[in-house]
Amino acid sequence: KMFVHGDPNFGYRSENDYDAELFFRFGVDTLNYYEYRAPILPGWDPRNEVIIDFSELTAIKADRDSTNRISDPKPVRNGPPGSAYRVLGNPSLISVRFLSVGVTNKSGRIRGDDLRGQVWVNELRLISVDDSPGWAYRFDTQLKLADLGTLAFNYSKVDPNFHTLEQRFGSRQT
């Protein structure tokens with residue numbers, strides 16, 4: 001989540017007709033990232049607030065084909081009008097090493113002049129982080145029945161969030 005302030009000179013007429021567009025990319029590197037795009041409105045407009053839902057991003061990644069080309073833009077559910085997500089390559093939320101914030105002219109703008117102005121981004125933060133503890137257990141038992149034989153039983157269970165001291169994250173798979 002973060003706040004964005006657009007320059008008063010940026011024009012915003014509708015979700016399809018505006019001057020400036022914000023993009024925020026994060027992932028493993030410049031070839032494997034998630035992307036959020038949205039029109040920039042003048043001032044501290046509440047519609048400029050960036051709220052990225054990781055579950056939506058991972059669903060887009062899971063739905064696309066196995067190629068590493070960039071996905072088609074998918075509108076942000078419950079997001080400001082004109083905002084969209086895209087995925088390039090094979091990014092991972094577990095190993096984010098690359099962050100990029102930028103401003104671009106909207107492709108296909110009616111006005112052909114250069115884009116000039118200031119954009120401020122403020123308070124990049126994570127909210128509603130899943131910090132649920134992970135757990136694991138193992139049960140072993142043996143039963144010896146005199147001369148008839150021995151019966152051994154073991155059972156183990158590992159939660160998707162469980163990780164050892166050497167690991168940063170669990171497997172994230174149930």
Side-chain angles (χ1 to χ4, degrees), residues 1-4 15 21-40 46-104 119-174:
K1 189 173 189 179
M2 76 177 157
F3 299 111
V4 177
E15 67 183 72
E21 186 172 52
L22 172 92
F23 66 85
F24 178 58
R25 296 175 180 162
F26 57 97
V28 179
D29 54 31
T30 57
L31 298 175
N32 299 284
Y33 59 82
Y34 296 101
E35 181 181 80
Y36 171 88
R37 285 186 171 265
I40 301 175
R47 293 173 289 179
N48 277 345
E49 185 176 17
V50 175
I51 301 174
I52 298 174
D53 185 351
F54 289 165
S55 61
E56 277 188 71
L57 283 175
T58 54
I60 292 169
K61 181 180 167 187
D63 286 345
R64 72 187 181 128
D65 59 325
S66 61
T67 64
N68 283 347
R69 63 185 176 84
I70 197 158
S71 66
D72 295 329
K74 303 284 185 204
V76 176
R77 194 177 52 219
N78 301 325
S83 60
Y85 292 130
R86 295 194 310 178
V87 178
L88 176 68
N90 192 25
S92 172
L93 291 174
I94 292 175
S95 60
V96 173
R97 295 185 197 116
F98 162 76
L99 296 170
S100 175
V101 178
V103 177
T104 183
V119 175
W120 302 341
V121 292
N122 193 13
E123 294 186 30
L124 175 61
R125 65 210 181 273
L126 290 173
I127 59 169
S128 303
V129 177
D130 180 11
D131 60 353
S132 55
W135 49 266
Y137 59 86
R138 181 174 43 208
F139 175 75
D140 292 307
T141 189
Q142 289 184 1
L143 178 64
K144 187 168 185 174
L145 302 170
D147 292 336
L148 293 175
T150 303
L151 180 66
F153 176 77
N154 62 31
Y155 181 78
S156 64
K157 176 88 172 166
V158 178
D159 182 78
N161 294 325
F162 177 79
H163 60 90
T164 62
L165 293 175
E166 298 86 28
Q167 298 171 320
R168 256 181 96 190
F169 301 100
S171 68
R172 303 283 192 213
Q173 295 180 5
T174 304

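We use all heavy atoms of the structure for the numbers below, so side chains are in, but hydrogens, waters and symmetry mates are not.
Counting heavy atoms from C-beta on, the side chains of Arg125 and Phe3 come closer than 4.5 Å. The shortest side-chain heavy-atom distance between Arg86 and Leu88 does not fall under the 4.5 Å cut-off. Using a 4.5 Å cut-off on side-chain heavy atoms (C-beta onward), Ser100 and Phe23 make contact. Side-chain contact between Val50 and Ile52: present, with at least one pair of heavy atoms (C-beta onward) separated by less than 4.5 Å. A 4.5 Å side-chain heavy-atom check between Leu99 and Phe24 finds at least one atom pair inside the cut-off. Side-chain contact check for Tyr85 versus Asp53: some heavy-atom pair is nearer than 4.5 Å. Side-chain contact between Asn48 and Trp120: absent, with no pair of heavy atoms (C-beta onward) separated by less than 4.5 Å.
Outside the 6.0 Å centre-distance limit, the rings of Phe139 and Tyr137 are not counted as a close aromatic pair.
Minimum interatomic distance between Ala84 and Pro73 (heavy atoms only, all atoms of both residues): CB-CB, 3.9 Å. When every heavy atom of Ala152 is checked against every heavy atom of Gln142, the shortest pair comes out as CB-CG, 4.1 Å. The minimum heavy-atom distance linking Val28 with Ser92 is given by the pair CG2-N, 3.9 Å. Heavy atoms only, all atoms of each residue included: Val101 and Met2 are closest at CG2-CE, 4.3 Å.
For Glu123, the CD atom is densely surrounded, since the number of other residues' heavy atoms within 6.0 Å is greater than 12.
Between the side chain of Asn32 and the backbone N or O of Asn90, at least one donor-acceptor pair lies under 3.5 Å.
With rounding to the nearest 0.5 angstrom, the CZ atom of Arg138 is 15.5 Å from the NZ atom of Lys157. Going from atom NZ of Lys144 over to atom OG1 of Thr150 covers 5.5 Å, rounded to the nearest 0.5 Å. Atom-to-atom distance recorded for Phe26:CZ and Phe98:CZ is 11.0 Å, nearest 0.5 angstrom. One finds the OH atom of Tyr34 at 9.5 Å from the CD1 atom of Ile60 (value rounded to the nearest 0.5 Å).
Checking Lys74, Lys61, Arg25 one by one against Glu35, the salt bridge (charged side-chain N to carboxylate O under 4.0 Å, His left out) holds for a single residue, Arg25.
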